[in-house]
Amino acid sequence: MSNQVAEGRGYASVTVPIIASLLAGTFSAISNKVMYKVSADGRCGNHAFEKPFWFTFAMFLGEVCCLPLYFIVKKIEAHKKNEMNEPLVAPEDPEAAALHEANQPPKWVFLILSMFDLSATAFLSVALLWVDPSTMQMLRGAMVVFTAIFSVTLMKKTLKRKHWVAVGLVCIGLALVGVSSVLNSKYEADDDSSSAAPTLVVLGVFFSLVGSALNSVQNVAEEKLMKGADVHPLIVVGWEGFWGLICSICVLLPIAYMAPGSDCNSFEDSYDTLLMLGHSGILIGGTIAYALALFVMNFTLMEIALKLSAVHRSLINSCRTVLVWGVDIFIYYVIDTGYGEKWTMFSLIQLGGFFFLIAGTILYGQASAELAAELSGASIDNGVEQSSTLQSINDEDFHKQSK
């Protein structure tokens, strides 16, 4: 009986984070696009809440919540030890304590990582103005391509032939998804003046790829700067969120306010944003829910990464894309045609591209696992400590997402 209970708890410890991450990721992707279309009174009258950099700020707000969560987790662990009559404070090993302190990264490391995260999220948030959430999710598969390129050029790593086959499959998938999005915009432009112009969709696809490239650079920088660091993942995400908030308030939002654009003569008018939030409970509630969803996704993906392989995480990401696409189509046909995504003749091209992306992503994860095992075996034979190679392409979900 006790074994069955233990097995049940082990099963729940994996399935609950997976379900929570899928739901939170789907909600954050769709709610962002939906809120872009919500109208409210602002500085320049009643207009749509097209505020991409506000959602960048909200993402970091969700990330910074990981800092208090870390201390809550530590309190719970201490309480469990107390119930089990274990000492709350273990006998301190001076050497271990000194090693732990020496392996703590300086806070400026998190500032650098947050700048990459800020830049990537800003590009992706702007891209979402012009492309559908499902397209955005699929184009994030470009992480495979950029991770491979940067691993070879910046990290000086040698990849297997299987890696490059995977990259080729992903490139085919990206091309199909991008082309289908542009063709779909041309088709909808004939009978729907509210849809984005084909030129803007092309720009949205390009911005999505730029954002994915910056996230790949962030992963490489994280691997270099955090190598050998002894720090909890929640601390990493929390501090990146903290610095991201500071940079959003002091750099991103002021630049967006000064840059020319269609938002009250600015690219994004922060004063107009606050006025619109003050006049719309939906926007306030949606922003809070969006930040909380990203917080939940960050935490659950951390749990998943500790228990499942890169291939499993690739499948979970694919399931999230399917959910986003399915829910978006459901919203259009069942709830309101003013929101959601329409199924067209070009959606079949997008579906074909999606299958190529899944195949390439899974193959890349398998190749990375094989290479890591080979290097690990070599390090044991030589008695030399070596890096386990290639951080998983899905680990960027610790930082956004949105994504």
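Values below: all heavy atoms of this structure, side chains included; hydrogens, waters and symmetry mates excluded. Predicted model only: the values in this text are computed from it and were never measured.
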How would you list all residue pairs meeting side chain to side chain donor-acceptor pair (under 3.5 Å) that involve residues 260-271, not counting sequence neighbours?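 Checked against side chain to side chain donor-acceptor pair (under 3.5 Å) - neighbours excluded - the pairs reaching residues 260-271 are R43-D269, K51-D263.
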Looking at residues at least two apart in the chain, or sitting in another chain, which of them share a side chain to side chain contact (heavy atoms under 4.5 Å, CB included) with F123?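 F123 satisfies side chain to side chain contact (heavy atoms under 4.5 Å, CB included) with F207, V210, L214 only.
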Sequence-distant partners of Y70, side chain to side chain contact (heavy atoms under 4.5 Å, CB included), two or more places apart: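 Scan of Y70 (side chain to side chain contact (heavy atoms under 4.5 Å, CB included), adjacent residues dropped) gives K74, H232, L234, I235.
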Flag, side chain of [X] to backbone of [Y], donor-acceptor distance under 3.5 Å:
{"X": "T135", "Y": "V131", "answer": "no"}
{"X": "S280", "Y": "L277", "answer": "no"}
{"X": "S347", "Y": "W343", "answer": "no"}

Sole candidate of L159, V165, V170 that passes side chain to side chain contact (heavy atoms under 4.5 Å, CB included) when paired with Y364: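 Of the listed options, the one satisfying the test is L159.
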Report the distance from atom CG of L169 to atom CD1 of I358, rounding to the nearest 0.5 Å.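 These two atoms lie 12.0 Å from each other.
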side-chain hydrogen bond (donor to acceptor under 3.5 Å, both in side chains) for N317 and R140? Distances and angles first, verdict last. CA-CA 10 Å; N317 278 342; R140 298 281 286 164; over 6 Å; no
For E370, salt bridge (charged side-chain N to carboxylate O under 4.0 Å, His left out) partners two or more places apart: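 If we apply the salt bridge (charged side-chain N to carboxylate O under 4.0 Å, His left out) test to E370, skipping adjacent residues, the hits are K162.
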Residues in disulfide (SG to SG under 2.5 Å) with C247, at least two apart?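 Disulfide (SG to SG under 2.5 Å) list for C247, sorted by chain: empty.
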Checking C319 now: which residues fulfil disulfide (SG to SG under 2.5 Å) with it, not counting sequence neighbours?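 C319 satisfies disulfide (SG to SG under 2.5 Å) with no other residue.
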What is the ring orientation for F242 with W239, classed by angle as parallel under 30°, tilted 30 to 60°, or perpendicular over 60°?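 The arrangement is perpendicular - the two ring planes meet at more than 60°.
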Flag the pair Y290 / F55 as yes when their ring centroid distance falls below 6.0 Å, and as no otherwise.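 Ring centroids of Y290 and F55 are less than 6.0 Å from each other.
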Return yes if a side-chain donor-acceptor contact under 3.5 Å exists between S368 and H163, otherwise no.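 Yes, because at least one side-chain N or O of S368 sits under 3.5 Å from a partner of the opposite role on H163.
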Between S181 and Q350, is there a side-chain donor-acceptor contact under 3.5 Å, judged purely by atom types and distance?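 No donor-acceptor contact under 3.5 Å links the two side chains.
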Can you list the steps and then say if Y257 with F267 is a ring-ring contact (aromatic ring centres under 6.0 Å, His included)? CA-CA 6 Å; Y257 179 79; F267 186 85; over 10 Å; no
